[in-house]
Amino acid sequence: MASSAKGKIVIISSPSGGGKSSICRMLLQRNPGWRFSISYTTRSRRPDEQHGREYYFVDNAEFDRLAREDYFAEHCKVHLYQYGTPRGPLEAVLADGGVMLLDIDVQGAEKIKTIYPEAITIFILPPSIPALRSRLSTRGTETQEQLQVRFENAKNELKLWAKFEYAVINENLETAINEVESVIVSHHCRTDRIPPEQIKNIIGYEGV
Ligand code: 5GP
């Protein structure tokens, strides 16, 4: 059946260190009309992050209040903190058209796909486990304890790669960005995405 939603929700998941944040950042630079879903989190802000740009940084009480008010389309505990995707911006993009990128973990991906079955799901794979470990530790944003948690979780997250519709191996960042962009750009050409009215205008009837 063809989709009635105009916009595209694009879920990009990978273990920490897989490169999804860099991929999202570059995609947004290349495609200024695309939007990024800014999640809420209870983790502390890193020095290079801004409230309202990467995340909305809130305390546990505020996060729990928003969750109770059904403000999130999904929310999960990831590693040691809470993360949640606000529902409003997703609904706005679906109604108005456009592309919304979600950089979320595998649990969140599964929940969003259940609520929005037309969401595009892309998993970013590292070229190898040692490469993932080395990327994680060289970025220097976590303590040893946090790194260990992230690395152990990463090994479990990797097992879920085949649940996603697309998988992109991030060996070369530029190639990975091009591949993710191609998936997003070409998705609306799938036969099940073409509105029946449009087909009718072209060939005189709805086809199948
Ligand atoms: P980080 O703390 O490194 O920014 O993110 C940790 C993990 O949380 C990443 O896998 C990231 O994709 C995920 N994440 C970020 N925002 C959300 C969200 O709103 N929901 C879920 N489920 N995961 C999120």
Side-chain angles (χ1 to χ4, degrees), residues 7-94 96-109 111-112 116 119-120 122-124 126 132 135-147 149-151 153-154 157 168 170 173-174 176-177 180-181 184:
K8 294 183 197 176
I9 292 179
V10 183
I11 300 170
I12 303 185
S13 283
S14 77
S16 270
K20 62 187 176 310
S21 305
S22 311
I23 292 174
C24 286
R25 202 168 42 245
M26 290 305 298
L27 287 174
L28 292 163
Q29 270 179 30
R30 283 190 191 182
N31 300 276
W34 291 9
R35 295 173 59 192
F36 180 67
S37 164
I38 304 170
S39 296
Y40 284 68
T41 183
T42 57
R43 100 154 148 67
S44 319
R45 190 175 62 79
R46 296 176 187 144
D48 58 343
E49 292 177 327
Q50 262 178 37
H51 181 79
R53 191 178 64 187
E54 284 81 7
Y55 286 104
Y56 295 106
F57 297 94
V58 293
D59 60 19
N60 279 308
E62 174 68 356
F63 193 95
D64 290 346
R65 186 186 66 77
L66 292 167
R68 269 197 311 276
E69 289 177 1
D70 206 25
Y71 185 75
F72 299 125
E74 65 75 36
H75 61 94
C76 297
K77 189 164 183 219
V78 188
H79 311 312
L80 302 164
Y81 305 99
Q82 300 274 14
Y83 294 81
T85 305
R87 187 189 303 279
L90 296 187
E91 298 287 344
V93 162
L94 285 180
D96 303 346
V99 171
M100 169 75 94
L101 305 182
L102 274 67
D103 168 345
I104 59 175
D105 88 316
V106 290
Q107 313 166 72
K111 290 186 187 175
I112 293 286
Y116 303 103
I120 305 170
I122 308 173
F123 193 87
I124 310 296
L132 179 74
R135 280 186 197 169
L136 252 179
S137 44
T138 50
R139 69 182 190 179
T141 46
E142 281 83 28
T143 63
Q144 273 309 317
E145 186 203 352
Q146 288 168 337
L147 266 180
V149 172
R150 281 178 182 247
F151 189 61
N153 288 347
E157 285 166 351
V168 167
N170 181 14
L173 184 60
E174 188 68 19
I177 294 165
V180 174
E181 191 173 43
I184 299 170

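Annotation for Cys76 and Gly108: closest pair SG-N, 3.8 Å, computed over non-hydrogen atoms. Counting all heavy atoms, side chain and backbone alike, Phe123 lies closest to Glu157 at CZ-O, 3.7 Å. In terms of heavy-atom proximity, Val93 sits nearest to Lys8 at CG1-O, 4.1 Å. Considering every non-hydrogen atom in both Ala154 and Leu132, the closest pair reads CB-CD2, 3.7 Å. The nearest pair of heavy atoms linking Thr143 to Gln146 is N-OE1, 3.0 Å.
From Ile38, atom CD1 reaches atom NE2 of His51 across 9.5 Å, with rounding to the nearest 0.5 Å. Separating the OG atom in Ser14 from the CD1 atom in Ile23 is a distance of 7.5 Å, to the nearest 0.5 Å. Between Lys77 atom NZ and Tyr83 atom OH the span is 11.0 Å, to the nearest 0.5 Å. Taken from NZ in Lys20 to CD1 in Ile11, the straight-line distance is 13.0 Å, to the nearest 0.5 Å. Distance CG/Asp96 to CD/Glu91: 11.0 Å, rounded to 0.5 Å. In this structure, CD on Glu49 lies 9.5 Å from OG on Ser44, to the nearest 0.5 angstrom.
Residues Arg46 and Glu142 are paired through a salt bridge, judged by an N-O separation under 4.0 Å between the basic side chain and the carboxylate. Salt-bridge check for Glu54 with Arg43: failed, with every basic side-chain N at 4.0 Å or more from each acidic carboxylate O. Arg65 and Glu69 are joined by a salt bridge, as a carboxylate oxygen and a charged side-chain nitrogen come within less than 4.0 angstrom of each other.
Side chain of Thr41 to backbone of Gln82: a donor-acceptor contact under 3.5 angstrom is found. Distance alone, capped at 3.5 Å, places no donor-acceptor pair between the Thr85 side chain and the Ala73 backbone.
Side-chain contact between Ile124 and Ile122 is present, with heavy atoms from C-beta onward closer than 4.5 Å. Between Ile177 and Val180, the closest side-chain pair of non-hydrogen atoms is not below 4.5 Å. You'll find the side chain of His75 stays beyond 4.5 Å of the side chain of Leu66, heavy atoms only. Here the side chains of Leu27 and Ile184 are in contact, with some heavy-atom distance below 4.5 Å.
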What's the verdict on ring pair (Phe, Tyr, Trp, His ring centres under 6.0 Å) for Tyr81 and Phe57, showing C-alpha distance, side-chain angles and the deciding distance?
CA-CA 11 Å; Tyr81 305 99; Phe57 297 94; over 10 Å; no
Verify side chain to side chain contact (heavy atoms under 4.5 Å, CB included) between Asn170 and Arg135, making sure each step is shown before the conclusion.
CA-CA 12 Å; Asn170 181 14; Arg135 280 186 197 169; 3.5 Å; yes
Side chain to side chain contact (heavy atoms under 4.5 Å, CB included) for Asp103 and Ile12? Distances and angles first, verdict last.
CA-CA 5 Å; Asp103 168 345; Ile12 303 185; 5.6 Å; no
Side chain to side chain contact (heavy atoms under 4.5 Å, CB included), that's the test. Do Asn153 and Ser16 meet it? Break it down for me.
CA-CA 9 Å; Asn153 288 347; Ser16 270; over 6 Å; no
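Tyr40 and Phe72 have their aromatic ring centers within a separation under 6.0 angstrom.
Tested against Trp34 for a side chain to side chain contact (heavy atoms under 4.5 Å, CB included), the candidates Gln29, Glu181, Met100 yield a single pass: Glu181.
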